[in-house]
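To start, the structure under review is shown below, and the notes come after it.
Numbering of ligands and ligand atoms starts at 1, following listing order. Sequence positions, counted from 1, serve as the residue numbers for this chain. Only heavy atoms go into these numbers, but all of them, side chains included; no hydrogens, no water, no symmetry mates.
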Amino acid sequence: MIIVSSKKLLVEYIQDYKRNKKKITVIPTMGNLHPGHLELMKRAPKNTIKIVTIYINKLQFDNLNDFMNYPKTYDLDIDKCKELNIDLLFIPDKSFSKDIKEYKNINLPKFTNYLCGEFRKGHFTGVYSIVRYLFNLIKPDYACFGLKDFQQLLLIKFIRDTYFKDLKIIEVETKRDKRGIALSSRLNRLSNDEILNIEKIYSCLNQVKLNIKNNISFHDIKPVAIKELESSSIKVEYLEHRSNDTLEICNDCSLDSSIFIACIINKVRLIDNIQI
Ligand code: PAF
């Protein structure tokens, strides 16, 4: 595996791959890799050059502390990428942040104002800025992203549809542990007791889904579900039933839709979703 920290060198490798008619898959990450990330890597199409990027993108954090404390586990991450036969790992040096244009005044689709967009100001502009930059730099044929960050995935598809029409986005199912907990780097910050508690998030999503399938109105289920979670010290930021393509509020369960949740447990913010 080649490890590159200079943008110039990365561009040279990309030019070389392109000259040799190789297809490229990119897996953008912020590091602290867990089995969910490894699942993204495993889904990269065979016979493509697999490039993982590790860059903790300050622009997408609405909280400086969160950014400063974001776990950095570069040595472990390098081992994991090697095990999965990644061809090139890009961990940019400090100068990289100066190159990224921040699209502060860009008009993003309406759905970026909902759900996480409502609670994390500037988050999706930050994601937009880095992902558009990376796609421009690497010019991938494929890119892998997880369905756990469903709203982010919609934004990535918007970037693809606007600027990179030939790029294929590979959508990867949320990786869960045996208890159904959606894997996330943030779980490292919770105690064992707190982890036991958050099993309730996925069971709550399943319960809500079942009720909707049984034609019980989401409007009636929502307060009961929130009360149940909050009785276990899980503070619910949002619990919403929204359509999968526009993220508009959904009153008709026959629509292609999902239940979305964000909650906070001891200052750690987790998101999850389930398709109806
Ligand atoms: O999903 C993430 O880890 C990040 O939002 C991404 C896509 C790597 C952009 O920084």
(message) Check this for me, if you would: do Arg43 and Glu39 make a salt bridge, where the nitrogen-to-carboxylate-oxygen distance has to be below 4.0 angstrom?
(response)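 The answer is no: the pair does not qualify as a salt bridge.
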(message) Any side-chain to backbone donor/acceptor pair from Ser129 onto Tyr103? Under 3.5 Å, distance only.
(response)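 Yes; judged by distance alone, with no hydrogens or angles, the pair exists.
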Would you mind listing each N/O atom of ligand 1 next to any protein N/O under 3.5 Å, plus the distance?
residue: ligand 1; atom: 1 (O); partner: Gln152; partner atom: NE2; Å: 2.9
residue: ligand 1; atom: 5 (O); partner: Gln60; partner atom: NE2; Å: 2.9
residue: ligand 1; atom: 5 (O); partner: Gln152; partner atom: OE1; Å: 2.7
residue: ligand 1; atom: 10 (O); partner: Gln60; partner atom: OE1; Å: 2.6

Sequence-distant partners of [X], side chain to side chain donor-acceptor pair (under 3.5 Å), two or more places apart:
{"X": "Glu118", "answer": "none"}
{"X": "Glu102", "answer": "none"}
{"X": "Thr73", "answer": "Asn32, Asp77"}

(message) Under 6.0 Å from the ring centre and within 45 degrees of the ring axis: does the NZ or CZ of Arg242 meet both conditions for the six-membered ring of Tyr114?
(response)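 So Arg242 does make the cation-pi contact.
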